[in-house]
Amino acid sequence: MSVRVRYAPSPTGLQHIGGVRTALFNYFYARAKGGQFILRIEDTDRERYNDESLQDLYDTLEWLGIDWDEGPGKGDYGPYVQSERFDLYQEYARKLLDDGKAYYCFCTAERLDAVREEQKKQKSKNQGYDRHCRDLDPAEALKRKEAGEPCVIRLKVPMEGKTTFHDEIMGDITRKNSDVSPDPVIVKTDGFPTYHLANVIDDHMMGITHIMRAQEWIPSGPLHVLLYQAFGWEAPRYCHLPLVMGKDGSKLSKRHGATSLRDFRLGGYLPEAIINYISLLGWSFDDSREFFSREDLEKLFTLEKLNKAPAVFDYRKLEWFNGHYIRQRDPESLKALLLPILQADGVVSDPVTDKEMAIFDGAFPLIRERLKLTTQVSEMIRFLFKEIESYTTADAVPKKMEASDVPGILDSCAALLDGFEARSDEENEKLFYDKAEELGIKMGQILQPLRVAVTGTNISPPLFESIRLLGAEKSEARIRALSEQIAKETL
RNA sequence: GUCUCCAUCGUCUAGGGGUUAGGACACCGGGUUUUCAUCCCGGCAACGGGGGUUCGAUUCCCCCUGGAGAUGCCA
């Protein structure tokens, strides 16, 4: 039988690392096995649902290059949006009711709160619903419901015995039925199913063969198996993925830093870096390989190499991958990524002028090696397009020298700018080297103030190329300006 | 509290009854270099504890400890 897996997010927030990891693994597994990857929208929580989250889901999958074989608007098992399957859930809930495997519950939120409160106070071993309505006469309950009394439907979880399910990573997991959540709600007051019901019905109806989801779902595994049994269906295979944690060891969340894919996208990360890094969170290939393209993973992904232990998300390693993939990009595609950033930051105009484009083209090879995030481009080459707003003069003072030494160096260098562009880099280098010797200082000591003058900072792309791109005339003006400023300050 | 799961360098991980316990990030040195970065070389650094089983356990079993997750009319 062909593998059918799904990613079933609920559009109640932005797509985050954990969800995307689940999506990716399901997708890779489907591809590696020649099966189907299904996208299903679980929008049964009408209160938290919002359109932007749904749009964000589509944007994210598109950005990552993940397409689905079946999903909204595509495939034969639809609809793939749970809110459009409302009647189906009603039908199956009724079936459970008729079979005496579920019951109406009229308990109010207030009563439930009170029960919980009391259990907490008494440190009772039994937590959760007290099964108050479990033994209501079904005919009587139906009458109350039809009279309009608000109610939910709860599953009758067996009070004895135990339930086992097999997990591809963890092995068999067994739980006493008395430890399973006592009679969870399967249909809410508003008539919508809860996750448990909708999920089980859909996975069965859509012919899902493997459920790959995060380990936080392990506790509801037995519950779901009980539901399959109640319907007389065979449960799919389970595969619970290790959780993604933050630095402090708790489940990754906003307080650990960026977690939404939108943050990463806007923050200058490349999809190939994200995919590569995320795929190594709880999965490995062998003892040394670390670079994987999406295409590689579509071939190589296996359940066997999945890990059990949770993984801490390391922003620094992601950044390292990102730098690697920036350098890996072909020049034209990288430029196409960088230009809009420069425009958005007001470094170049929109549309870009020919002159700006020429400078950008010249600067490109210099910054390519230096970028870790695409968004760093503006800061890195702003000095080529905009005047320097202010100098931090201390940056211009080389080690073991005084600020008062600097204007002299700058002035004698300014003189060398004459004819700079006509000379080769080697010739210029020799010229500055000789000047340094003449002044009795090191090359570095001469170049540092110069660098600050021309680029505005002592960390910059290579100086001579920068001068060439900026133009010798402008460079000289900046050198003289800084010289004057320091001279004034050291008076 | 209860239930369940997990446990190799700081982090991601490989490995598995006998290994100098391997790789990567980070960090620290060194080289290339006009700064930074890239690149190259080198270094630091781990089997949580206690019992078994065994000729031999980091590896298998048990206990402890630690961590996490779940305990919702959220998924």
Side-chain angles (χ1 to χ4, degrees), chain A residues 8-13 19 42-45 47-48 105 107 109 112 116 119-120 122-129 150-154 167 170 173-176 178-182 184-190 192-196 198-199 213-222 240 242-243 245 247 249-251 277 280-291 305 307-321 323-324 327 366-372 380 395 429 432-433 436 442-448 450-452 455 457-464:
Chain A
S10 108
T12 55
E42 306 217 328
D43 58 347
T44 55
D45 184 344
E47 297 200 3
R48 293 199 306 153
C105 166
C107 292
L112 261 21
R116 237 186 307 270
Q119 287 171 339
K120 219 165 156 190
Q122 302 207 340
K123 297 198 166 148
S124 161
K125 179 176 152 46
N126 296 314
Q127 300 272 317
Y129 184 53
C151 64
V152 299
I153 300 175
R154 288 182 183 274
D167 185 278
M170 232 73 75
I173 297 177
T174 300
R175 225 172 152 180
K176 287 199 293 251
S178 55
D179 289 329
V180 172
S181 172
V185 172
I186 54 176
V187 176
K188 310 179 221 181
T189 309
D190 65 3
F192 274 89
T194 58
Y195 168 80
H196 304 298
N199 189 263
R213 45 142 67 151
Q215 276 180 7
E216 59 191 330
W217 291 106
I218 287 181
S220 30
H240 288 95
L243 259 21
M245 316 296 251
K247 191 95 193 129
S250 65
K251 211 165 71 167
Y277 178 64
L280 262 13
L281 246 28
W283 182 84
S284 63
F285 181 69
D286 61 16
D287 62 340
S288 59
R289 179 165 173 184
E290 56 198 339
F291 293 120
K305 303 296 283 183
N307 212 54
K308 289 180 183 181
V312 174
F313 191 86
D314 183 354
Y315 289 87
R316 288 180 301 186
K317 188 150 186 179
L318 204 214
E319 201 166 285
W320 174 77
F321 269 116
H324 168 83
R327 277 169 253 129
L366 308 182
I367 58 171
R368 194 171 139 87
E369 305 293 300
R370 280 161 240 268
L371 292 170
K372 283 211 167 73
M380 217 168 262
D395 288 347
E429 197 173 335
F432 280 88
Y433 187 82
K442 286 190 187 134
M443 184 73 156
Q445 292 174 305
I446 206 169
L447 259 20
Q448 184 180 340
L450 210 55
R451 179 183 307 282
V452 171
T455 70
T457 158
N458 52 18
I459 298 172
S460 80
L463 185 55
F464 288 173

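Numbered from 1 within each chain, the chains take letters A, B, ... in sequence-line order.
Shortest non-hydrogen contact noted between A:Ala198 and A:Pro193 is CB-CG, 3.8 Å.
The C1' atoms of B:rG69 and B:rA37 are separated by 42 Å, rounded to the nearest whole Å. Rounded to whole Å, the P atom of B:rG22 lies 11 Å from the corresponding atom of B:rA46. As rounded to the nearest Å, B:rC9 and B:rA70 have P atoms that lie 25 Å from one another. Across B:rG10 and B:rC27, the matching P atoms stand 16 Å from one another, rounded to whole Å. B:rC63 and B:rC3 have their P atoms separated by 13 Å, with the value rounded to a whole Å. B:rA24 and B:rC60 are spaced 26 Å apart, taking the P atom of each and rounding to whole Å. Nucleotides B:rG48 and B:rU59 have their P atoms positioned 8 Å apart, rounded to a whole Å. B:rG43 and B:rU20 are spaced 16 Å apart, taking the C1' atom of each and rounding to whole Å.
A donor N or O paired with an acceptor N or O is found under 3.5 Å between the base of B:rC73 and the side-chain atoms of A:Thr189. Evaluation of atom-type donor-acceptor distances gives no pair under 3.5 Å for the side chain of A:Arg175 against the base of B:rU4. You'll find a donor-acceptor pair under 3.5 Å spanning the side chain of A:Arg48 and the base of B:rC74, going by distance alone.
Among the heavy atoms of the strands, none lies under 4.0 Å from A:Lys176. A:Asn307 comes within 4.0 angstrom of sugar-phosphate atoms only, judged by non-hydrogen atoms across all strands, and of no base. Contacts of A:Gly444 with the nucleic acid, taken as non-hydrogen atoms under 4.0 Å apart, are absent. Within the nucleic acid shown, A:Gly282 comes within 4.0 Å of sugar-phosphate atoms alone, with no base atom in reach, counting heavy atoms only. Nucleic acid contact for A:Ser284: sugar-phosphate only, since backbone atoms but no base atoms lie under 4.0 Å from a heavy atom of the residue. Counting any heavy atom pair closer than 4.0 Å across all strands shown, A:Lys305 reaches sugar-phosphate atoms only and no base atom. No contact: A:Ile446 has no heavy atom under 4.0 Å from any strand. Here A:Glu216 lies in heavy-atom contact (under 4.0 Å) with sugar-phosphate atoms only. In this structure, A:Pro462 reaches the bases: a heavy-atom distance under 4.0 Å links it to at least one base atom across the strands shown. At the heavy-atom level, A:Pro461 lies under 4.0 Å from base atoms of the strands shown. A:Cys151 comes within contact range of no nucleotide atom at all, as no heavy-atom separation falls under 4.0 Å. Contacts of A:Thr457 with the nucleic acid, taken as non-hydrogen atoms under 4.0 Å apart, are absent. A:Asn458 comes within 4.0 angstrom of a nucleotide base, judged by non-hydrogen atoms across all strands. A:Ser10 comes within 4.0 angstrom of sugar-phosphate atoms only, judged by non-hydrogen atoms across all strands, and of no base.
You'll find that the side chain of A:Lys317 is closest to B:rA24, out of B:rU34, B:rA24, B:rC73. When distances run from any side-chain atom of A:Pro219 to the nucleotides B:rC36, B:rC73, B:rG69, the shortest one goes to B:rG69. Set against B:rC73, B:rU34, B:rA37, the side chain of A:Glu429 has B:rU34 as its closest nucleotide. Comparing B:rU11, B:rA14, B:rC3 against the side chain of A:Asp287 picks out B:rA14 as the nearest. In this structure, of B:rC73, B:rC25, B:rU4, it is B:rC25 that holds the atom nearest to the side chain of A:Trp320. In the set B:rA26, B:rU13, B:rC73, the nucleotide with an atom closest to the side chain of A:Arg316 is B:rA26. The side chain of A:Arg154 lies closest to B:rC73, out of B:rC73, B:rC12, B:rA75.
With A:Val180 as reference, A:Pro222 is the one residue of A:Pro219, A:Ser220, A:Pro222 to meet the side-chain contact (heavy atoms from CB on, under 4.5 Å) rule.
Between the NE2 atom of A:His240 and the C1' atom of B:rA70 there is a distance of 11 Å, given to the nearest Å. With rounding to whole Å, A:Leu280 atom CG is found 15 Å from B:rA26 atom P.
Between A:Arg289 and B:rA14, a side-chain N or O to OP1/OP2 separation shorter than 4.0 Å is absent. Residue A:Lys251 places at least one side-chain N or O under 4.0 Å from the OP1 or OP2 atom of B:rA70. Contact check, A:Lys308 against B:rA68: no side-chain N or O comes under 4.0 Å of OP1 or OP2.
The nucleotide B:rU19 finds no pairing partner, because no Watson-Crick or G-U wobble arrangement with both distances shorter than 3.5 Å includes it. Of the nucleotides present, none pairs with B:rU58 by Watson-Crick or G-U wobble criteria with both distances under 3.5 Å. Partner assigned to B:rG1 is B:rU71, using Watson-Crick or G-U wobble distances below 3.5 angstrom. Using N1 to N3 plus N6-O4 or O6-N4 for Watson-Crick, or N1-O2 and O6-N3 for G-U wobble, each under 3.5 Å, B:rA7 pairs with B:rU65.
Rounding to the nearest 0.5 Å places CG of A:Leu371 at 11.0 Å from CG of A:Leu366.
With the nearest nucleotide of RNA chain B identified for both A:Phe321 and A:Ile173, A:Ile173 has the one nearer the 5' end.
Using cut-offs of 30° and 60° on the angle between ring planes, the pair A:Trp283 and A:Phe285 is tilted.
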